[in-house]
Amino acid sequence: MIPAGQIFVIGDSHIGLAEGSEKPILAWLDRFVILQPRALYLNGDLFHYLIADPKFHTPSVAKVFERLRQLRDGGVAVHYVEGNRDFYIQGSFAEKAVSDIALEFAVQAGPRKYLITHGDLINDHDYPYRFWRFASKNGLSRFALKFVPRRAARTFVDSVERRLARSNFKHKSQLPVAHFEAYGRDRGAEGYTDIVFGHFHQKLVLPTAGARVTILPPWYETGEAMAIDPDSGEFSFVEI
């Protein structure tokens with residue numbers, strides 16, 4: 001039995017953009033709201049990829065954000081963590097449907113202080129990735145979208161969707177445990193007791209010399225959520 005008033009975190013739901021792909025998450029949200037949750041944190045990569053521009057809008061995207069808006073307006077805080085597959089969501093229809101959007105959120109739960117962040121930026125020395133992220137998410141590239149014809153945008157969406165639908169999104173390389181430990185130590189020095197990552201698609205709980213690091217299971221694969229007790233600060237993985 002999951003008590004009311006819990007704080008929930010899910011990561012990497014990777015919802016498809018094709019119509020009908022939204023049905024599993026909508027059914028999950030219908031079950032979720034019955035639990036009378038306090039808050040929901042979406043820890044990045046809600047969709048296979050999300051370009052939050054009207055030209056790239058699909059019925060699947062519209063239905064999911066409408067349901068999130070209903071959840072928020074019904075009194076459940078919905079916090080959206082930007083992931084590596086989320087583009088231009090600040091100031092978009094996505095932001096209008098949730099409580100707020102950020103790269104990371106701090107959550108106080110009893111004696112524990114959680115930091116919820118996607119995890120793709122933990123390696124400060126991954127310069128190629130950081131350059132790609134900057135180049136693909138800056139204001140100039142967002143402005144350039146205005147000149148993409150709507151038909152070309154939809155063709156792009158459909159082609160990428162077909163390719164991604166054949167992928168299982170597994171990370172092939174080893175988990176960067178040394179980076180987890182360093183990040184846990186550094187953010188632990190800031191007062192955090194727990195770090196919650198998505199991105200890596202492998203459930204893991206790793207004690208470090210600083211904050212405990214938890215990797216969320218990928219929602220698209222397991223349907224599991226992290227449930228944090230706001231009084232004790234302890235968490236468990238649950239299926240809803």
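Worth knowing before you read on, the calculation uses all heavy atoms, side chains too, and leaves out hydrogens, waters and symmetry mates. If you read the sequence from its start, that first residue is 1, and numbering goes on from there.
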Here the pair of heavy atoms bringing Ser232 nearest to Pro111 is O-CD, 3.3 Å
Residues Pro37 and Val33: closest non-hydrogen pair is CD-O, 3.8 Å
Between Ala39 and Phe32, the two heavy atoms sitting closest are O-CZ, 4.2 Å
Here the gap from His199 atom NE2 to Leu175 atom CG, rounded to the nearest 0.5 Å, amounts to 10.5 Å
| query | Within the side chain of Gln108, is there an N or O that forms a donor-acceptor pair under 3.5 Å with the backbone of Gly110? | reply | yes
- [ ] Could you give me the CA-CA distance, side-chain angles and deciding distance for His118 and Asn84, then say whether side chain to side chain donor-acceptor pair (under 3.5 Å) is met?
- [x] CA-CA 8 Å; His118 189 58; Asn84 55 298; 2.9 Å; yes
Look at the side-chain heavy atoms of Ile, Leu, Val, Met, Phe, Trp and Tyr, link any pair under 4.5 Å apart, and say whether Leu42 and Val238 land in one connected group. yes
To the nearest 0.5 Å, atom CD1 of Ile10 lies from atom CD1 of Ile25 at 4.5 Å
State whether Arg69 and Glu66 are salt-bridged, where the test is any N-O pair (Lys NZ or Arg NE/NH1/NH2 against Asp/Glu carboxylate O) under 4.0 Å. yes
So CD1 of Ile101 and OH of Tyr80: to nearest 0.5 Å the spacing works out to 7.0 Å
In short, Glu224 meets Trp219 closest at the heavy-atom pair O-CD1, 3.6 Å
Item checked: Aromatic ring proximity His201/Tyr220, centre distance under 6.0 Å -> yes
- prompt: Under 4.5 Å between any side-chain heavy atoms of Val107 and Ile7, yes or no?
  reply: yes
Minimal heavy-atom distance between Ile215 and Gly198, with the atoms involved, is CG2-O, 4.0 Å
inquiry  = Do Phe87 and Val98 land in one hydrophobic cluster if side-chain heavy atoms of ILVMFWY residues count as linked below 4.5 Å?
reply    = yes
Of all heavy-atom pairs linking Pro54 and Phe93, the shortest is N-CE2, 4.4 Å
- Under 6.0 Å between the ring centres of Phe197 and Tyr183? yes
Quiz prompt | Glu82 and Ile89, any side-chain heavy atoms less than 4.5 Å apart | solution = yes
Checklist entry - So, does Ser13 use its side chain to make a donor-acceptor pair with the main chain of Leu46 at under 3.5 Å? => result yes
Here the gap from Asp231 atom CG to Asp229 atom CG, rounded to the nearest 0.5 Å, amounts to 5.0 Å
Exercise. Would you say the side chain of Thr214 lies within less than 4.5 Å of the side chain of Phe237, judging by non-hydrogen atoms?
Worked result: yes
Worksheet item: If two hydrophobic side chains count as joined below 4.5 Å and joins carry through other members, does Leu17 share a cluster with Trp28?
Response: yes
Could you tell me whether a side-chain N or O of Asp73 sits under 3.5 Å from a main-chain N or O of Gln70, the two making a donor and an acceptor? no
Does a side-chain heavy-atom distance below 4.5 Å link Val205 with Arg212? yes
| task | Examine Ile228 and Leu115 and state if one hydrophobic cluster contains both, with Ile, Leu, Val, Met, Phe, Trp and Tyr joined whenever side-chain heavy atoms are less than 4.5 Å apart. | result | no
CD1 (Ile195) and OG1 (Thr208) are apart, to the nearest 0.5 Å, by 8.0 Å
Step by step, work out the side chain to side chain contact (heavy atoms under 4.5 Å, CB included) result for Leu40 and Leu29. CA-CA 10 Å; Leu40 173 63; Leu29 289 169; 4.1 Å; yes
- Same hydrophobic cluster for Val81 and Tyr114, using side-chain heavy-atom links shorter than 4.5 Å among ILVMFWY? yes
Checking Arg112, Arg187, Lys113 against Asp194 for salt bridge (charged side-chain N to carboxylate O under 4.0 Å, His left out), the one that qualifies is Arg112
- Query: For the side chain of Asn43 and the backbone of Thr117, is there at least one donor-acceptor N/O pair under 3.5 Å apart?
  - Reply: yes
Exercise. For the pair Glu22 (side chain) and Leu26 (backbone), establish whether a donor and an acceptor sit closer than 3.5 Å, ignoring hydrogens and angles.
Key: no
Worked verdict on Asp86 versus Tyr49 for side chain to side chain donor-acceptor pair (under 3.5 Å):
CA-CA 6 Å; Asp86 298 314; Tyr49 70 100; over 6 Å; no
Q) Does Ala18 offer a backbone N or O that forms a donor-acceptor pair with the side chain of Ser21 under 3.5 Å? A) yes
Applied to residues 28-49, the salt bridge (Lys or Arg N to Asp or Glu O under 4.0 Å) test, sequence neighbours excluded, yields Asp30-Arg67
| task | Please examine the side chains of Asp100 and Phe105, heavy atoms only from C-beta on, and report whether any two atoms are closer than 4.5 Å. | result | yes
When rounded to the nearest 0.5 Å, the distance separating CZ of Arg72 from CG of Leu68 is 9.5 Å
Worked check of ring pair (Phe, Tyr, Trp, His ring centres under 6.0 Å) between Tyr41 and Phe8: CA-CA 6 Å; Tyr41 288 83; Phe8 292 86; over 10 Å; no
